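Given the structure is predicted, the values throughout are model-derived calculations rather than measurements. Basis for what follows: all heavy atoms, side chains included, without hydrogens, waters or symmetry-related copies. The chains referred to below are lettered A, B, ... by the order of the sequence lines, with proteins before strands, and numbering in each begins at 1.
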Amino acid sequence: MDNKSLVSIDDYTKEEILEVLARAAEFEKNPNCSLLEGKVVASLFFEPSTRTRLSFETAISRMGGRIVGFTDSSSSSVTKGETLKDTTKMVSNYCDLIVMRHPIEGSARYASEVSDVPVINAGDGANQHPSQTMLDLYSIMKTQGTLENLNIFMVGDLKYGRTVHSLLMALSHFNPTFHFIAPPELEIPRGYKIFMEKNNIKYFEHTEFNDIINDADILYMTRVQKERFADPLEYEKVKNVYILKNDMLSNTKDNMRILHPLPRVNEIAVDVDTNPKAYYFEQALNGVYARQAIIAKALNL
Amino acid sequence: MNTKKELQVSAIENGTVIDHIPAEYLFQVITILGLDKSKNSVTFGNNLESKLLGKKAIIKISDKFFEDEEINKISLIAPHAKLNIIRDYKVAEKKIVESPEKVIGIAKCMNPKCITNVEAVTTRFKVINNSPITLKCHYCEKITDHKNIEIV
Ligand SMILES: [Zn+2]
């Protein structure tokens with residue numbers, strides 16, 4: 001077991017979150033370095049995720065590291081029935097760090113326990129995706145200058161969206177006020193409400209997506225996916241309710257920024273893209289710096 | 001201790017009486033403890049009146065003294081169970097079954113997409129609530145609630 005692994009956002013304390021974000025800012029100033037020179041990083045993508053993989057591999061390359069691995073399990077021994085345990089043990093003999101994406105929930109935690117080198121979770125099914133959370137936090141920090149006392153509005157699929165849940169947990173260190181805007185079918189799960197109540201975190205729930213967003217510092221948009229609805233008619237009813245259009249932004253705060261984990265479908269109208277409050281493309285670029293900082297911390301560099 | 005209770009628990013010479021088992025879990029407790037395969041003499045009563053549980057069950061096992069690990073297993077479905085250790089027809093010791101903080105290798109995670117249900121991984125849970133007992137998987141981080149607890 002290696003405590004340098006990053007499997008769940010809860011593995012970081014508040015201090016560690018701030019430390020990694022400060023490091024990310026340094027990497028943004030000087031992205032190219034030789035911290036990973038002579039090191040081999042295994043990039044194990046048991047399911048394809050081009051966006052996340054390219055972001056990690058760019059981070060590794062900019063730090064001078066070498067990459068081994070596979071981009072989906074059909075090209076690996078996994079298809080021959082090798083267990084995750086055996087694959088992880090074998091790979092951990094070859095490399096200094098493992099970056100892993102796997103469709104099975106809990107796989108990253110398990111891999112971190114059987115591996116001799118740290119494991120960074122690049123997504124384990126519907127469970128955790130901590131590097132996404134760190135890039136979201138970095139984007140919030142960069143645009144707001146702080147993580148403390150912010151009005152965070154989350155919109156769309158708040159039930160299944162793992163990015164929403166992890167961001168909620170991470171921000172809970174920083175005295176936020178949450179506003180959740182979602183159809184009743186996709187409201188924030190009860191477990192998270194209990195968590196917020198226990199920790200005295202203010203939150204409000206809304207089903208209407210209207211000028212309440214004028215109070216927002218951060219507007220975190222997510223996709224409402226058709227396959228989440230048991231009844232297709234229910235989806236038809238709500239699919240156009242949670243779409244952000246440019247004219248909804250006219251009375252929002254100047255410091256407000258719109259985030260989205262990407263890819264989007266239609267939940268942000270294209271006319272928003274040129275609004276200075278749209279931040280989702282820069283947000284994606286921040287992922288490289290956040291991941292460089294996560295890697296440096298995992299290897300104690 | 002009143003006379004009636006004395007009679008209930010004193011009917012064996014040496015062994016263990018497990019009291020305050022929720023009536024609906026009697027047969028699960030028997031299975032978990034392997035009493036269905038036991039050579040010891042086992043007697044039980046079910047649907048007895050209980051102020052605490054409504055209906056309860058009692059199991060008496062002669063010449064059997066449980067290890068803590070076995071008691072730990074019972075606590076998952078019978079968190080209020082009490083053990084009376086009987087020696088020479090007398091209650092020599094009482095034990096309260098308390099929920100452990102962690103549950104290792106006993107229960108199954110109810111999430112079919114969890115690694116512990118895909119590969120041979122020993123399950124590990126944190127007990128996040130005692131009554132009703134609620135488990136949080138160390139791996140997939142999903143909740144397995146009281147009603148869905150299955151014993152490995
Ligand atoms: Zn699990």
Side-chain angles (χ1 to χ4, degrees), chain A residues 1 3 5-11 44 46-47 73 77-78 81-89 100-115 119 121 123-130 133 159-160 162 164-166 168-170 189-195 197-199, chain B residues 22 24-25 28 32 68-69 72-73 75-80 98-152:
Chain A
M1 200 183 304
N3 58 14
S5 293
L6 176 61
V7 173
S8 162
I9 193 65
D10 301 346
D11 294 348
L44 310 184
F46 291 85
E47 66 177 2
S73 61
S77 58
V78 181
E82 187 175 62
T83 61
L84 175 62
K85 181 181 184 176
D86 290 3
T87 306
T88 306
K89 277 209 167 291
M100 195 180 101
R101 170 90 164 202
H102 200 291
I104 298 297
E105 293 157 28
S107 52
R109 180 71 66 197
Y110 182 56
S112 77
E113 291 172 356
V114 297
S115 167
V119 173
N121 183 7
D124 61 326
N127 185 31
Q128 290 280 340
H129 191 10
T133 310
K159 184 174 181 185
Y160 300 101
R162 67 179 170 189
V164 164
H165 303 155
S166 300
L168 184 161
M169 298 302 284
R190 221 175 81 82
Y192 291 99
K193 293 183 200 172
I194 294 169
F195 170 81
E197 279 153 25
K198 269 190 187 163
N199 290 282
Chain B
E24 69 266 37
Y25 292 120
Q28 253 182 289
I32 290 165
D68 281 355
E69 200 185 312
N72 189 356
K73 291 188 186 188
S75 75
L76 290 182
I77 54 169
H80 303 290
E98 278 176 37
S99 300
E101 277 176 32
K102 282 181 185 165
V103 173
I104 296 169
I106 296 169
K108 262 174 70 98
C109 178
M110 71 175 283
N111 174 11
K113 287 190 214 147
C114 177
I115 185 74
T116 61
N117 290 316
V118 176
E119 208 160 290
V121 181
T122 305
T123 60
R124 290 176 62 186
F125 299 91
K126 216 168 150 182
V127 177
I128 57 165
N129 197 3
N130 283 326
S131 76
I133 193 155
T134 309
L135 307 177
K136 184 180 179 185
C137 178
H138 165 74
Y139 292 100
C140 73
E141 306 182 24
K142 296 282 179 297
I143 305 296
T144 295
D145 60 16
H146 171 247
K147 289 201 173 72
N148 288 295
I149 290 177
E150 249 185 81
I151 304 301
V152 173

Problem - salt bridge (charged side-chain N to carboxylate O under 4.0 Å, His left out) partners for A/E47, two or more places apart - result: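 Listed in chain order: A/R101.
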Practice task
Tell me, yes or no, whether the heavy-atom count around A/E197 atom CD, taken from other residues, nucleotides or ligands under 6.0 Å, exceeds 12.
Solution key: yes
Practice task
Determine whether more than 12 heavy atoms belonging to other residues, nucleotides or ligands lie under 6.0 Å from atom NZ of A/K193.
Solution key: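 Counting other residues, nucleotides and ligands, NZ of A/K193 exceeds 12 neighbours.
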Exercise for the section: May I ask you to list the residues in residues 141-148 of chain B that approach chain A closer than 4.5 angstrom, counting heavy atoms only, ordered by number? Expected result: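 Within residues 141-148 of chain B, the residues that come under 4.5 Å of chain A (heavy atoms only) are B/E141, B/K142.
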Exercise for the section: Among A/D124, A/N127, A/I104, find the one that has a side chain to side chain contact (heavy atoms under 4.5 Å, CB included) with B/I115. Expected result: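 Of A/D124, A/N127, A/I104, side chain to side chain contact (heavy atoms under 4.5 Å, CB included) with B/I115 is met by A/I104 alone.
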Practice task
Sort out for me which residue in A/R109, A/Q128, A/E105 forms a side chain to side chain contact (heavy atoms under 4.5 Å, CB included) with B/C140.
Solution key: A/E105
Handout entry: Euclidean distance, A/S112 OG relative to B/Y139 OH, rounded to 0.5 Å
Key =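 One finds 8.0 Å between OH of B/Y139 and OG of A/S112.
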Handout entry: Atom pair OG/NZ of A/S107 and B/K113 - distance to nearest 0.5 Å
Key =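 The distance works out to 12.5 Å.
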